[in-house]
Amino acid sequence: MPRILVIGSSNTDMVVKTARFPQPGETIIGGDFYLFPGGKGANQAVAAARIGGMVDLVAKVGNDVFGGQAVEGFVHEGINVEYVQTDPALASGVALITVNAEGENEIVVAPGANAALSPADLDLANAAFEAADLILMQLETPIETVLYAAQKAHALGKPFVLNPAPAQVLPDELYPLLSLITPNETEAALLTGLSLDDDASLPRVAEALLSKGVANVIITLGAKGAYFHNADAYFQVAAPVVTAVDTTAAGDVFNGALVVALAEGLDWLPAIDFACRAGAIAVTRMGAQASAPYKEELMP
Ligand code: ADP
């Protein structure tokens, strides 16, 4: 079993469906309420565990009912929670999500304990760094913690994969520490300052990322699949055609599946094809972690 260290956020998504969004100062009566476990770090950890990875998760929750439920969920998925800390002074991360009749959403995230995941917390997980075949991170925790994790991985000679979501400009010194970066189209455009309005611009945008020092680039393209580019090769992999029901966490499931396939030793093409099939299944189901497929569902 490949051993994956996922470092990142854990949130609880609180979703209310409503006919329309309220105006400032207005109260409206909405429809059904849903509570989903979420947060990009936790979503990717669950996806990797369901695909067959042995997952260590480094995250921080608050001392409240949401943090407790999140940790129970991780245990249920077979994730090692030894490095999930509960901060007694902070609230757990939550996302308040309103979805209108058109399916559009408005989201406010209160990061809570996620914002307190510090470089010092990573030093408490040295054993997991040493045991990992691969380390995966995203951007819902402080950027200095991302940089420190990448430096630790580099010092140990471990592959470090960054899913740069939600989009934000990255410090230059981070790029040479990355084995792989996996932006979606919006994130790739923001990171490079280049526009990505047609597939012909993919090589240019990927090369701009490579020139910053990252070794390999995968740009995820939603229903169009994913694009790979490194110094030796570039190609696009198509995603299976599916009827999308809820695209939440498609990227998280893609990344979780991808890192397990890579850590198992698969080559780029079969690993990306596997991840595309996992992401496509996720969009046919509701929810974030709930939509992640199991390995048996991905056998050709
Ligand atoms: P994000 O969720 O981060 O915005 P994408 O939308 O690019 O990322 O989706 C990630 C992956 O999930 C894609 O590369 C693809 O494999 C799969 N995927 C996403 N949307 C669809 C879709 N509508 N049909 C099939 N596969 C999809």
Side-chain angles (χ1 to χ4, degrees), residues 6 8-9 11 13 15 36 38-48 50-51 95 97 99 103-105 107 109 136-140 161-168 170 180-192 195-199 201-202 205-206 209 216-229 234-262 266 268-295 297-298 300:
V6 180
S9 57
N11 284 329
D13 296 346
V15 185
F36 294 124
K40 291 179 188 297
N43 294 346
Q44 294 181 12
V46 168
R50 290 191 181 178
I51 295 297
I97 304 173
V99 181
E104 297 167 311
N105 56 38
I107 305 179
V109 175
L136 172 64
M137 222 173 157
Q138 330 71 32
L139 298 176
E140 281 185 335
V161 177
L162 180 67
N163 174 228
Q168 77 174 70
L170 300 174
L180 168 65
I181 194 164
T182 60
N184 67 14
E185 291 165 286
T186 317
E187 291 147 8
L190 182 123
L191 291 174
T192 58
S195 69
L196 222 177
D197 17 71
D198 56 44
D199 289 356
S201 21
L202 284 168
V205 171
L209 289 167
N216 300 283
V217 174
I218 295 174
I219 303 176
T220 62
L221 308 170
K224 291 177 294 173
Y227 176 78
F228 173 81
H229 201 128
Y234 59 91
F235 54 81
Q236 189 167 331
V237 178
V241 177
V242 296
T243 304
V245 171
D246 175 15
T247 58
T248 309
D252 292 336
V253 170
F254 178 97
N255 279 279
L258 177 76
V259 294
V260 174
L262 291 173
L266 261 64
W268 288 110
L269 179 59
I272 295 168
D273 177 64
F274 184 79
C276 279
R277 289 189 284 125
I281 290 179
V283 304
T284 65
R285 301 175 182 168
M286 287 297 294
Q289 288 163 30
S291 71
Y294 291 88
K295 188 166 198 166
E297 301 176 73
L298 285 156

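Whatever order the structure lists ligands and atoms in, that order sets their numbers, starting from 1.
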Atom 22 (C) of ligand 1: closest protein heavy atom, distance to 0.1 Å, is Ala223 CA, 3.5 Å
Tell me: protein heavy atom nearest atom 9 (O) of ligand 1, and distance? Ala250 CB, 3.8 Å
Test side-chain contact (heavy atoms from CB on, under 4.5 Å) applied to Val6 and Gln138, step by step: CA-CA 9 Å; Val6 180; Gln138 330 71 32; 3.8 Å; yes
Parallel, tilted or perpendicular: rings of Tyr234 and His229 (30°, 60°): parallel
Is it true that a side-chain atom of Asp198 and a backbone atom of Ser201 form a donor plus acceptor pair closer than 3.5 Å? yes
Given Pro183, which of Leu209, Ile218, Thr220, Val205 fulfils the side chain to side chain contact (heavy atoms under 4.5 Å, CB included) condition? Leu209
Can you report which non-hydrogen protein atom sits closest to atom 8 (O) of ligand 1, along with the distance? Thr220 OG1, 3.5 Å
Test side-chain contact (heavy atoms from CB on, under 4.5 Å) on Phe235 and Ile272; report intermediate values, then the result. CA-CA 10 Å; Phe235 54 81; Ile272 295 168; 4.2 Å; yes
Stepwise, does the side-chain contact (heavy atoms from CB on, under 4.5 Å) test hold for Trp268 with Leu180? CA-CA 11 Å; Trp268 288 110; Leu180 168 65; 4.0 Å; yes
Between the main-chain N or O of Leu269 and the side-chain N or O of Asp273, is there a donor-acceptor pair closer than 3.5 Å? no
Note the single closest protein heavy atom to atom 11 (C) of ligand 1, along with its residue, its atom name and the distance in Å. Phe254 CD1, 3.9 Å
Please check this pair: side chain of Asn105 against backbone of Ile107, looking for a donor-acceptor N/O pair closer than 3.5 Å. no
Note: ligand 1 atoms sitting under 4.0 Å from heavy atoms of Cys276 are 16 (O)
Atom 4 (O) of ligand 1 sits nearest the protein heavy atom Asn184 ND2, 2.9 Å
Option of least heavy-atom distance to atom 13 (C) of ligand 1 (set: Gly222, Ala239, Ala165): Gly222
Heteroatom distance test (Glu187, ligand 1): nitrogen or oxygen, under 3.5 angstrom: no
Tell me whether Ala278 reaches ligand 1 (any heavy atom closer than 4.0 angstrom to a ligand atom). no
Distance under 4.0 Å to a non-hydrogen atom of Leu221: what atoms of ligand 1 satisfy this? 7 (O), 14 (O)
For Arg285 and Val245: C-alpha separation, side-chain torsions, deciding distance, then whether side-chain contact (heavy atoms from CB on, under 4.5 Å) applies. CA-CA 6 Å; Arg285 301 175 182 168; Val245 171; over 6 Å; no
Could you say whether the N/O atoms of Thr247 and ligand 1 ever approach to under 3.5 Å? no
Counting from 1, what ligand 1 atoms have a heavy atom of Val242 closer than 4.0 Å? 24 (N), 25 (C)
For Asn11 and Ser9, what are the C-alpha separation, side-chain angles and deciding distance, and is it a side chain to side chain donor-acceptor pair (under 3.5 Å)? CA-CA 6 Å; Asn11 284 329; Ser9 57; 4.8 Å; no
So is Gly251 polar-close to ligand 1, meaning N/O to N/O under 3.5 Å? yes
Would you mind checking which non-hydrogen protein atom is closest to atom 17 (C) of ligand 1, with the distance to 0.1 Å? Gly279 C, 3.7 Å
Check: of Pro164, Gly225, Ala226, min heavy-atom distance to atom 14 (O) of ligand 1 comes from Gly225
Give the atom numbers and elements of ligand 1 that come within less than 4.0 Å of a heavy atom of Pro240. 25 (C)
